[in-house]
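Everything on this sheet refers to the single structure shown next.
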There are 4 protein chains.
Amino acid sequence: MSSTAADSTAAAPTRRPGRRRDAAKDALIVDAARQLMVEHGFDAVTMDDVAERAGVGKATVYRRWASKVHLAVDAMTAAIPTLTVDDVPDTGTLRGDIMMLPGLIHRAREDAATDLLGPARDHPEIADQLHQRLARDRVAVIRGLLERAQVRGEVPAGRDLDMIAAVGPAVIFYAKAFSGEQFTPELLERVVDGVVLPLALGQPA
Amino acid sequence: MSSTAADSTAAAPTRRPGRRRDAAKDALIVDAARQLMVEHGFDAVTMDDVAERAGVGKATVYRRWASKVHLAVDAMTAAIPTLTVDDVPDTGTLRGDIMMLPGLIHRAREDAATDLLGPARDHPEIADQLHQRLARDRVAVIRGLLERAQVRGEVPAGRDLDMIAAVGPAVIFYAKAFSGEQFTPELLERVVDGVVLPLALGQPA
Amino acid sequence: MSSTAADSTAAAPTRRPGRRRDAAKDALIVDAARQLMVEHGFDAVTMDDVAERAGVGKATVYRRWASKVHLAVDAMTAAIPTLTVDDVPDTGTLRGDIMMLPGLIHRAREDAATDLLGPARDHPEIADQLHQRLARDRVAVIRGLLERAQVRGEVPAGRDLDMIAAVGPAVIFYAKAFSGEQFTPELLERVVDGVVLPLALGQPA
Amino acid sequence: MSSTAADSTAAAPTRRPGRRRDAAKDALIVDAARQLMVEHGFDAVTMDDVAERAGVGKATVYRRWASKVHLAVDAMTAAIPTLTVDDVPDTGTLRGDIMMLPGLIHRAREDAATDLLGPARDHPEIADQLHQRLARDRVAVIRGLLERAQVRGEVPAGRDLDMIAAVGPAVIFYAKAFSGEQFTPELLERVVDGVVLPLALGQPA
DNA sequence: TCTTAATCGAGACGGTACGTCGTGTCTTTCC
DNA sequence: GGAAAGACACGACGTACCGTCTCGATTAAGA
């Protein structure tokens, strides 16, 4: 669940003495952080806020996460069910498959995650976590759908599937981050029909 | 009434008395902020640092910018020469035109500007500034190039030029922000040849 | 009038050109400072406050007084009419004479002047002004009354008149400054009858 | 010891958890403040200076004292050993007893405390502390010596001991504050022999 | 009459202290 | 020894004030 929390599932043949770490607290803390950050943004949330909301001491938080950024990464991503191609029902067409995605993804969290881009810059290993969870997962699923469509014969061989899979999330993120546009079904349709499908299905240039 | 006496009642935009704000200080401060932030990142730079480097009192900074974020937005964007289509020499082909762009854009600043996405969230009017300067300018130029190519006959009528113009910056930004990829000529070629040109020049889906 | 304002009476046979200083502004500024400081205390009043209340630019203030403390000294003391023995009607008895004093002195300003003791410490020449105006004047008057009483035969020769004259003001100031007692006719009577008159009139120890 | 620091001696049968305030820090801070203020004066000392000298964070200072003035009051008075009559050896005569006092009192601090009279004005509860510690203690001791002398038969019954006890400190403070005189043995003698003893021992007026 | 120089109100300026607050660590008491 | 509570060192933030400087307008004196 957490990239930095001690792995409580590790086989510990010789358990050390002392009270065991309450695994339930992990969830409490992550939930508190997620709620607060989704609502107020990364900067406006303090570690004291998180600890208080979680009904937990600050030390307990820091015993599990090394910093606010570490926690935020987990908070923003942990609860996102790792979507895989198999989770997307086969509708028979690439377009149909792609249109299923928004319903499967909770987007509020991705917005909040934007706040992490800056702070995560000087923590490469954290940025990595963030990237993996937000972008790679998302792109990987679309890539899977493209492959499925290729098997089906919809998508010709020889296309740069990695690139095409990335275009959709990229444009939508860009529109949100820089142009302030909200995500809407119309935007999705415009991207899918104007960019993704032409690239995937259209004639070679 | 004298013919030479300045008519003080004339359209005088009623300048208030008092010492005028030294316009040169604006540049001094913005430059200091830009240099420091490009080098160390948003969080590592303090307002005292900026004031000291600019040779200016902190009050002077706060008289012109309401907060660190406000200043940073200007610092990261003000000095970016507003690129217009006319700045891009006409190479005769859309591909050639687009390939000119990286040389015309200074990218270090855009990286630093990423740090601002988070802090700017809770200041919509600031985010607006940021968006306008970073994204809209960039996209507008490409849109101009597309129109130029359309006039030239390269690009068929009826294409969603806005969308196509946005795809390039979007994919490149996404690659940098989420996948940690650096901008390289190869990435540019892959995007241009794999996405932008097919969409702009290719057959309708 | 002012200890630090430029001496306009200085013999200047060759006056330089230029606008003359508006003498009326001196009073305006001093009055503003006095009102504000009596009401709010030294620290709570800013030079901007004074300038604004006086309807004057800050530079005009600083052209006449070197600092806030300098101005405050004048403000607190300038308007105190320099009391002399001759202003005190001869009631025929030392006690009667002394009892006239409170009615002749405006005390609110002395309270406000207390605020100056601290700030004036590191400006000896200012402290000097303050001392002279507040204490010496006051004590000098009482000394005059003692001498008058000595002529009258009330006070025996050989008494330390300087010391006796100082005791009254000292005790009353001490009571106000350190014990927080307000000045009342009762306090005055207690000091006069319990301390000053015994020392002045009583038998030698 | 401290007017505003939490009273750690409060009977707390159920102490709350949490790190206790390090009582040693109180002394560290007060000592730092006292040294700096005695040396440089109230205005020239900053809270950062105090914190640094004390080896303490600024927040720790502000957790215990609400403002610079609050701290200064404690700093200037806390370390003054509360002198009582019992600390004054019985020399057999009132004069002898009184002459012991200067050696028992450290005066540098009282000078520095003068700086507080102004700033403390708009904080009545602070002024109260200051008054109590500086004046009342001092006067109380002298009053004790007077009573001791009364028992001894030196001082006749019916004298206003409160007033007589206050006269000495008052005159000496007045001389210092308003006339700029330094405290000297000569001044003391003049006050004792010219004012205090005549009032205490002399014939009724 | 024209030039020169000082004053004026307004307010920007450099410097600096204040008091607040956030992070991440450490300490105390209870379990 | 883990947990809640909260003190602690460090350091940035944004505000406020002091005393100086600059601006355009005004007002005298001298050429």
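To find a chain, count down the sequence lines: A is the first, B the second, and so on, and within it residues start at 1.
Summary of the strand contacts: Gly55(D) and Val56(A) both lie near DNA chain F, and taking for each the nucleotide with the nearest heavy atom, the more 5' one is attributed to Val56(A). Of the two residues near DNA chain E, Thr60(C) and Thr60(B), the one whose nearest nucleotide lies more 5' is Thr60(C). If you find the closest nucleotide of DNA chain F to Ala54(D) and to Gly57(A), the one lying nearer the 5' end belongs to Gly57(A). Mapping Arg64(B) and Asp22(C) onto DNA chain E by nearest heavy atom places Asp22(C) closer to the 5' end of the strand.
The closest donor-acceptor contact from the side chain of Lys25(D) to the backbone of Val61(D) lies at 3.5 Å or more, if one exists at all. Thr60(B) places no side-chain N or O within donor-acceptor distance of the main-chain N or O of Val56(B), the cut-off being under 3.5 Å.
If you take NE2 of His70(B) and P of dC13(F), they are 15 Å apart, rounded to a whole angstrom. Atom CZ of Arg21(C) is separated from atom P of dA5(E) by 18 Å (rounded to the nearest Å). For the pair Trp65(B) CH2 and dC13(F) P, the computed distance is 15 Å after rounding to whole Å. What separates NE2 of His40(B) from C1' of dA12(F) is a distance of 16 Å, to the nearest Å. Straight-line distance from the CG atom of Leu28(B) to the P atom of dA12(E): 18 Å, rounded to whole Å.
Minimum heavy-atom separation, Ile29(C) to Arg64(C): CD1-CD, 4.1 Å. Smallest separation of non-hydrogen atoms from Phe42(D) and Val69(D): CZ-CG2, 3.9 Å. The heavy-atom pair separating Met76(D) from Ala33(D) by the smallest distance is CE-O, 4.4 Å.
End-to-end axis angle of the helix from dT3(E)-dA29(F) to dC31(E)-dG1(F), using five pairs per end and rounding to 10°, comes to 20°.
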statement: Protein-proximity profile, nucleotides 16-22 of chain F, B/S/- by nucleotide at the 4.0 Å heavy-atom cutoff, equals -SSBBBB

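With contacts defined as side-chain heavy-atom distances shorter than 4.5 Å, the pair Trp65(B)/Val50(B) does not qualify. Residues Glu52(D) and Lys58(D) are not in side-chain contact: their nearest non-hydrogen atoms beyond the backbone lie 4.5 Å or more apart. A 4.5 Å side-chain heavy-atom check between Leu28(C) and Arg53(C) finds every atom pair outside the cut-off. Side-chain contact between Lys68(D) and Thr46(D) is absent, with no heavy-atom pair separated by less than 4.5 Å.
Side-chain atoms of Lys25(A) lie closest to dA4(F) of the nucleotides dC8(F), dA4(F), dC13(E).
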